Amino acid sequence: SVSIFILLIAFLFSAPLAKMLGDPDIQSWLPWIPLSVFFAAFCLLLTYWANRKKEFNYMATYNIFQSMGIAFGKLGFGYGGMRSGGLIAGTLFGQAISTIQLGWQLIRKYRSYLADIRWKEMFTQAKKYINFPKFRMLHAMTNVFSASLPVFIFTSYFSPAIAGYWSIAFGVVYKPITVFASSITQVFSQRMIERSNKGEIIYKQVKELILRLLLIGIVPFGIAAVIAPTVFGFVFGHKWYISGVYLRLILPWLLSVYLTAPLAFIADLAGQQRIQFGLAFANLVLRFIAMLIGILTKNILLALGLLSLGGVIVNFYYLLWYLSLSKKVLRVSDTYAPRDSQGDPGEA
C-alpha cells in the first residue's frame, strides 16, 4: 500500500519533486523509488521472520545474493551501455534477486503457516501492536532526518567541500558500526526475546553485552582517535587530513552509538516506542542546536564537538534506560495484551 501510494506521488508530481530537489535529471527515475521501497520492506519482513526461526544461513545467503547482485548488476548495466541509470538499475536488480531468493526459501519451508492466516485475526494483531507503525515510523523518519542534517547544514552554510570531509569521516566508521551492530542484534535479540517470553529477566545478559562491547571497542576507537588525521592524509591525500580531525571529534559519539545500537530492540520488547521516539526527537533538537551554534560562530569544529557531546548524552541515557527496562520481565505478549483479556495472550 505504501509503495503504491509513493508510485502515485512519483508519477503525478515527478517534475515538481525533481525541481524541488534541485536536479531535473532525476525526474525519470523517481517512479522507480516505490519498487525499491517494496523490495526493502519485504526484505525486512523476511529477515525478521528468518531471525525468529533461527534461519541464519538463509540470512547469510541473502546478504551474499544482495551484495553480488548489486555489484554485478551495476557492472552489467554499465557495460551494456546504460550509463546514466546503470547504478540505479543495478541496485534494483540486486534488491530484487536477493529478496526473491530469500522469499522462495522461507515460503517453501514455512508455506503451511500461510494456510492459517485469517484477515480478522490480522486486524486484531494490527490493532494490538499499533505502537509499532505509529511511533517507530516517526522514530525512523526522525533518525533519517537527524543523520542527514549535518550534510544539509554544512553544504548550505559552510561549503560542499566541508560536507564532503564530514561524509568521509562519518561514513568510514559509521557504516562498519551499523553492520556490526546489526549482526549482534540479529543473534542477541533473538535469544533475549526467547528468554523474555519464558518470563526470565535479561538484565545480566544486557549488562554483560555492554561491558564486552566496551572492552572490544575501547582499543580500536582509542587508536583511531590518535592516528585518524594521519591515516586520512596518507590514504586519501593531504587535503583529506581534516576528515581525520573531524572523525577524532565525533569518535566519542560513534562509540556511544556502537554500544547502544544492538540494544534498541529492548524498547520494542517493553512496548516503549513512544519514549524511544521522544529520545530520538531530543537527539534531533540537540543536533540542530549544535549546528546552529556552529553557523552563528562560523566554527565547524565547535559544531562537531557539540554534536558529538549531544549524541553522547542521549546515548548514555539510552544505555541507562535499556538497563532499567531489562531489570523487569519483558514479554511483548504481556505488554500488548488487552486490558480486559482473561486468557493467555499468546507468544508474540
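In this text, all values refer to a predicted model and were calculated from it rather than measured experimentally.
Between Pro176 and Gly171, the shortest heavy-atom contact is CD-O, 3.8 Å. The two residues Ala261 and Thr185 make their nearest non-hydrogen contact at O-OG1, 3.9 Å. Taking both residues in full, the closest heavy atoms of Glu121 and Asp116 are given as OE1-O, 4.4 Å, listed atom of the first, atom of the second, then distance. Residues Ser146 and Pro150 share a closest heavy-atom pair of O-CD, 3.4 Å. When all heavy atoms are compared, the tightest approach of Leu247 to Ala228 is CD2-CB, 4.0 Å. Of all heavy-atom pairs between Asp268 and Gln276, the closest is OD1-OE1, 4.2 Å.
Follow the hydrophobic side-chain contacts under 4.5 Å out from Phe65 and you never reach Tyr48; the two are in separate clusters. Under the 4.5 Å side-chain heavy-atom criterion for ILVMFWY residues, no single connected hydrophobic cluster contains both Val187 and Ile210. By the rule that hydrophobic residues join a cluster once side-chain heavy atoms approach within less than 4.5 Å of another member, Leu255 and Ile223 end up as members of one cluster. The hydrophobic cluster containing Phe277 does not contain Phe265, counting ILVMFWY residues as joined when their side-chain heavy atoms lie under 4.5 angstrom apart, directly or transitively. Linking Ile, Leu, Val, Met, Phe, Trp and Tyr whenever their side-chain heavy atoms come within less than 4.5 Å leaves Phe152 and Ile162 in two separate clusters.
The backbone N or O of Leu320 lies less than 3.5 Å from no partner atom in the side chain of Ser324, so there is not a single donor-acceptor pair. With Arg274 contributing its side chain and Gly271 its backbone, the two residues share no donor-acceptor pair below 3.5 Å. Panel note: side chain Ser67, backbone Ile64; no donor-acceptor pair is recorded below 3.5 Å. With hydrogens and angles disregarded, a donor-acceptor distance shorter than 3.5 Å links the side chain of Thr124 to the backbone of Lys120.
Hydrophobic clustering, defined by side-chain heavy atoms of Ile, Leu, Val, Met, Phe, Trp and Tyr closer than 4.5 Å, groups Ile107 together with Leu114, Ile117, Trp119, Met122, Phe123. Here Met141 is tied into one hydrophobic group with Met137, each link being a pair of ILVMFWY side chains closer than 4.5 Å. Hydrophobic clustering, defined by side-chain heavy atoms of Ile, Leu, Val, Met, Phe, Trp and Tyr closer than 4.5 Å, groups Leu106 together with Phe42, Leu45, Leu46, Trp49, Tyr58, Tyr62, Leu102, Tyr110, Tyr113.
Side-chain contact check for Ile300 versus Tyr165: every heavy-atom pair is 4.5 Å or farther apart. For the pair Leu35 and Ser3, the minimum side-chain heavy-atom distance is 4.5 Å or more. In this structure the side chain of Trp166 reaches within 4.5 angstrom of the side chain of Ile250, judged on heavy atoms. Counting heavy atoms from C-beta on, the side chains of Val206 and Phe188 come closer than 4.5 Å. Inter-residue side-chain proximity for Ile293 and Met291 is flagged as unmet; no heavy-atom pair is nearer than 4.5 Å. In this structure, the side chains of His139 and Gln273 stay at 4.5 Å or more apart for every pair of heavy atoms. Under the 4.5 Å side-chain criterion, counting only non-hydrogen atoms from C-beta, Leu263 is in contact with Leu319. Looking at Trp321 and Leu279, their side chains come closer than 4.5 Å, going by heavy atoms from C-beta outward.
Atoms OG1 and CH2, on Thr91 and Trp32 in that order, are 12.5 Å from each other to the nearest 0.5 Å. Between the CE atom of Met59 and the CZ atom of Phe56 there is a distance of 6.5 Å, given to the nearest 0.5 Å. Interatomic distance, Lys198 NZ to Arg195 CZ, rounded to the nearest 0.5 Å: 8.0 Å. Once rounded to the nearest 0.5 Å, the distance linking CG of Leu149 with CZ of Phe154 reads 8.5 Å. Between Lys327 atom NZ and Lys207 atom NZ the span is 8.5 Å, to the nearest 0.5 Å. Atom-to-atom distance recorded for Met68:CE and Ser98:OG is 12.0 Å, nearest 0.5 angstrom.
Neither side chain, Gln105 nor Thr61, offers a donor N or O lying under 3.5 Å from an acceptor on the other.
Glu208 meets the side-chain contact (heavy atoms from CB on, under 4.5 Å) test with Lys204, Arg212; sequence neighbours excluded. Lys328 pairs by the side chain to side chain donor-acceptor pair (under 3.5 Å) definition with nothing, not counting sequence neighbours. With sequence neighbours left out, Lys239 forms a salt bridge (charged side-chain N to carboxylate O under 4.0 Å, His left out) with no residue at all. Listed by chain and number, the residues in a side-chain contact (heavy atoms from CB on, under 4.5 Å) with Val314 are Asn283, Leu286, Tyr318 (sequence neighbours excluded). Annotation: salt bridge (charged side-chain N to carboxylate O under 4.0 Å, His left out) contacts of Arg191 (sequence neighbours excluded): none. Applying the side-chain contact (heavy atoms from CB on, under 4.5 Å) criterion to Ala96, with sequence neighbours excluded, gives Phe39. Applying the side-chain contact (heavy atoms from CB on, under 4.5 Å) test to Ile216 and every residue at least two apart in sequence or in another chain returns Tyr258.
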List the atom pairs, with distances to 0.1 Å, where a side-chain N or O of residues 303-313 and a protein N or O form a donor-acceptor pair under 3.5 Å, not counting sequence neighbours.
{"unit_1": "Ser308", "atom_1": "OG", "unit_2": "Leu249", "atom_2": "O", "d": "3.0"}
{"unit_1": "Ser308", "atom_1": "OG", "unit_2": "Trp253", "atom_2": "N", "d": "3.4"}

All N/O donor-acceptor pairs, side-chain side in residues 4-12, below 3.5 Å, sequence neighbours left out:
none

Practice problem: Start with the C-alpha gap between Phe158 and Ile295, add the side-chain angles, then the distance that decides, and say whether side chain to side chain contact (heavy atoms under 4.5 Å, CB included) holds. | Solution: CA-CA 8 Å; Phe158 290 94; Ile295 292 170; 4.3 Å; yes
Practice problem: For Asn51 and Thr47, run side chain to side chain contact (heavy atoms under 4.5 Å, CB included): C-alpha distance rounded to whole Å, both residues' side-chain angles, the deciding distance at 0.1 Å, then the answer. | Solution: CA-CA 6 Å; Asn51 187 51; Thr47 51; over 6 Å; no
Quiz prompt | Worked check of side chain to side chain contact (heavy atoms under 4.5 Å, CB included) between Gln205 and Leu209 | solution = CA-CA 6 Å; Gln205 289 77 16; Leu209 178 65; over 6 Å; no
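Aromatic ring orientation, Tyr174 versus Phe170: parallel (interplanar angle below 30°, classes split at 30° and 60°).
Arg52 and Glu194 are not joined by a salt bridge, as no carboxylate oxygen comes within less than 4.0 angstrom of a charged side-chain nitrogen.
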